[in-house]
There are 2 protein chains.
Amino acid sequence: MHANVKQNVVPLITPGLKVACSQCNLRELCLPFGLDDRDMARLDSLIGGGRKLKRGQHLYRAGDAFESIFAVRSGFFKTDVLTEDGRDQVTGFQMAGEILGMDGISTEHHTCNAVALEDSEVCLIPFTELELLSSEIHSLQHHLHKVMSREIVRDHGVMMLLGTMRAEERLAAFLLNLSQRFSARGYSPSEFHLRMTREEIGSYLGLKLETVSRAFSRFQDEGLISVQQKHVRIVDLARLKSLLAPPDGRIA
Amino acid sequence: MHANVKQNVVPLITPGLKVACSQCNLRELCLPFGLDDRDMARLDSLIGGGRKLKRGQHLYRAGDAFESIFAVRSGFFKTDVLTEDGRDQVTGFQMAGEILGMDGISTEHHTCNAVALEDSEVCLIPFTELELLSSEIHSLQHHLHKVMSREIVRDHGVMMLLGTMRAEERLAAFLLNLSQRFSARGYSPSEFHLRMTREEIGSYLGLKLETVSRAFSRFQDEGLISVQQKHVRIVDLARLKSLLAPPDGRIA
DNA sequence: GTGTGGCATTGACGCAGATCAAAGGGGTGC
DNA sequence: GCACCCCTTTGATCTGCGTCAATGCCACAC
């Protein structure tokens, strides 16, 4: 295998990488959810192939023309927006089975950046062709709408977090969310590696990296988690969850 | 006209209220955007009629079964999420031509509350029928996707605001956003009535109502705006915009 | 294996915004 | 038209997180 692909060069589509949706163990988490065999085969036929990314590579950048959405096959991504005045906000972290790029539909250009946080693979789903197929397969159309709606609901959850929670509550919510998503993918819900830096966590949670680090340390001191650099083990799940209760424990 | 509709009773659909999309002066801002006459007539035929709401009434509540999305014909709404632990976050304010309810698609149940902040009217758009029609009219399908994508992009903007801005920057961004949206609807960009309370603004911006009030007062003291209760006039638009520049004026 | 630079941790201090409190005004409902 | 209550404003004080700073560690490249 040639090793002449530089890390800062965007790799071309790799047709050999293609794995049929029907053979994919992520299909229940991903776009094909709910399709029967025949329709899944039709979806297979439009998936444009895969693309591999090294850690640090951009899947797309704000301003890029929108052509496809992407399904994460393996690896880990972050998305972030940056404004002309230099602000930078991480808007999400995406793992296997999750869909990236729907921000680009509205303006025909991507409005955020998507970066691989570890070596990753995605499936390309050409959007025009997806719309065409989804007008023929009702369950595909409806599931696409659900995926977009789920993204909206997720964003509302982040707004809630950013608008109403204190630092330790935010970090607890973040860890519980990761735990639940790893669990849904067959990984341990209680022990995992963070793929992102303290600064990226901080950006996502609206905190400074020092505050994130201190919150990690505090959680460890209190026996809620065990943390060493990027390795996290949740020791007391119940107590971690209880941090999300309101300060005064009121019921309504 | 009978006056026996209590404010806390959800009004039934009012077929007489129906106004055809083709006759609606909001069509360029709303779902019919980009449709030709024939397709607009087909969209007309599925719009389920209108619904009037008094100030304070809920259009839908979290947990309600999802059946329709709604287009605001007139008036003003807020949407908010509340968690079981009592947190409350306003996720948006919606005005004429904007679409409400897309949060409900993913789970078949609404995940937030939508409340009229003044007497308002909406068009009901039954979602199953909309999907059916959009599978026949490609431009309608694509525009629906754009509307959903735009909501995602808008949410990213709010995350940016909540995650990176200080109080006065948030309020400036909020006022500029309202100004721009009023302007797009033919109203004055520089003078308008706020339909929401300081507390609702604060919830949306992740601030306490006192902080919002103080920021308003400060803006007035500095000659940026003139504000009296809910009436706002933007006096120095350029300087208001300049508040969104980064603290140190750095370029990259 | 070793060197290096990005990443993480921890401490001291300051400040923006939260909290607590009180008073006044205007819109709303009767 | 009137009264009441919610909304808003403003002040004083407190505090959680940001900022600044220094040290240490680990992962990665060579």
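Residue numbering restarts at 1 for every chain, and letters A, B, ... go by the order of the sequence lines.
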Taking [atom1] from [X] and [atom2] from [N], how many angstroms apart are they, rounded to a whole number?
X: A/H231; N: C/dT9; atom1: NE2; atom2: C1'; value: 19 Å
X: B/L194; N: D/dC7; atom1: CG; atom2: P; value: 14 Å
X: B/E118; N: C/dG27; atom1: CD; atom2: P; value: 15 Å
X: B/H193; N: D/dC7; atom1: NE2; atom2: P; value: 17 Å
X: A/Q228; N: D/dC26; atom1: CD; atom2: P; value: 7 Å
X: A/K208; N: D/dC20; atom1: NZ; atom2: P; value: 10 Å
X: B/K54; N: C/dT28; atom1: NZ; atom2: P; value: 13 Å
X: A/R170; N: D/dG18; atom1: CZ; atom2: C1'; value: 13 Å

Could you tell me, to 10°, how much the axis swings from one end of the helix from C/dG1-D/dC30 to C/dC30-D/dG1 to the other, five pairs per end?
->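 Computed from the C1' atoms at both ends, the axes differ by 70°.
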
Using a 4.5 Å cut-off on heavy atoms from C-beta on, say whether the side chain of B/R51 contacts that of B/L124.
-> yes

Decide yes or no for B/D103 and B/Y60: does some side-chain heavy atom of the first lie under 4.5 Å from some side-chain heavy atom of the second?
-> yes

Can a donor-acceptor pair be found between the side chains of A/Q89 and A/S203 at a distance below 3.5 Å?
->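 A/S203 and A/Q89 do not have a side-chain donor-acceptor pair below 3.5 Å.
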
Within a reach of under 6.0 Å around CD of B/Q220, are more than 12 heavy atoms found that belong to other residues, nucleotides or ligands?
-> yes

With sequence neighbours left out, what residues match A/V232 under side-chain contact (heavy atoms from CB on, under 4.5 Å)?
-> A/L175, A/F192, A/L194, A/F216, A/V227

Any residue meeting side-chain contact (heavy atoms from CB on, under 4.5 Å) with B/L117, in chain and number order, not counting sequence neighbours = B/F76, B/K78, B/F93, B/R195, B/M196, B/E200

How is A/G206 classified with respect to the nucleic acid when contacts are heavy atoms under 4.0 Å: base, sugar-phosphate, or nothing?
-> sugar-phosphate

Specify the residue among B/T211 and A/A167 whose closest nucleotide of DNA chain D lies further upstream toward the 5′ end.
->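 Between the two, 5'-proximity favours B/T211.
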
Quiz item: B/R214 side-chain donor-acceptor pair to C/dT19 base, under 3.5 Å |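 Under the 3.5 Å cut-off, the side chain and the base do form a donor-acceptor pair.
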
Under 3.5 Å donor-acceptor pair, B/R166 side-chain atoms to D/dG18 base atoms =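 No, the side chain and the base share no sub-3.5 Å donor-acceptor pair.
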
Counting heavy atoms from C-beta on, name the nucleotide in C/dC20, C/dA18, D/dC20 closest to the side chain of A/E210.
-> D/dC20

Could you go through residues 204-213 of chain A and list every donor-acceptor pair under 3.5 Å that involves a side-chain atom there, pairing it with any protein atom two or more places apart or in another chain?
{"unit_1": "A/Y204", "atom_1": "OH", "unit_2": "A/R154", "atom_2": "NH1", "d": "3.4"}

CD-OG1 distance between B/Q94 and B/T79, expressed to the nearest 0.5 angstrom |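 Nearest 0.5 Å value for the CD-OG1 distance: 4.0 Å.
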
Might you list the N or O atoms of the protein lying below 3.5 Å from N or O atoms in nucleotides 3-8 of chain C, with each pair's distance?
{"unit_1": "C/dA8", "atom_1": "OP1", "unit_2": "A/R198", "atom_2": "N", "d": "3.4"}
{"unit_1": "C/dA8", "atom_1": "OP1", "unit_2": "A/K230", "atom_2": "NZ", "d": "3.3"}
{"unit_1": "C/dA8", "atom_1": "OP2", "unit_2": "A/R198", "atom_2": "N", "d": "2.8"}

Using side-chain hydrogen bond (donor to acceptor under 3.5 Å, both in side chains) as the criterion, list what pairs up with A/R61, not counting sequence neighbours.
-> A/H58

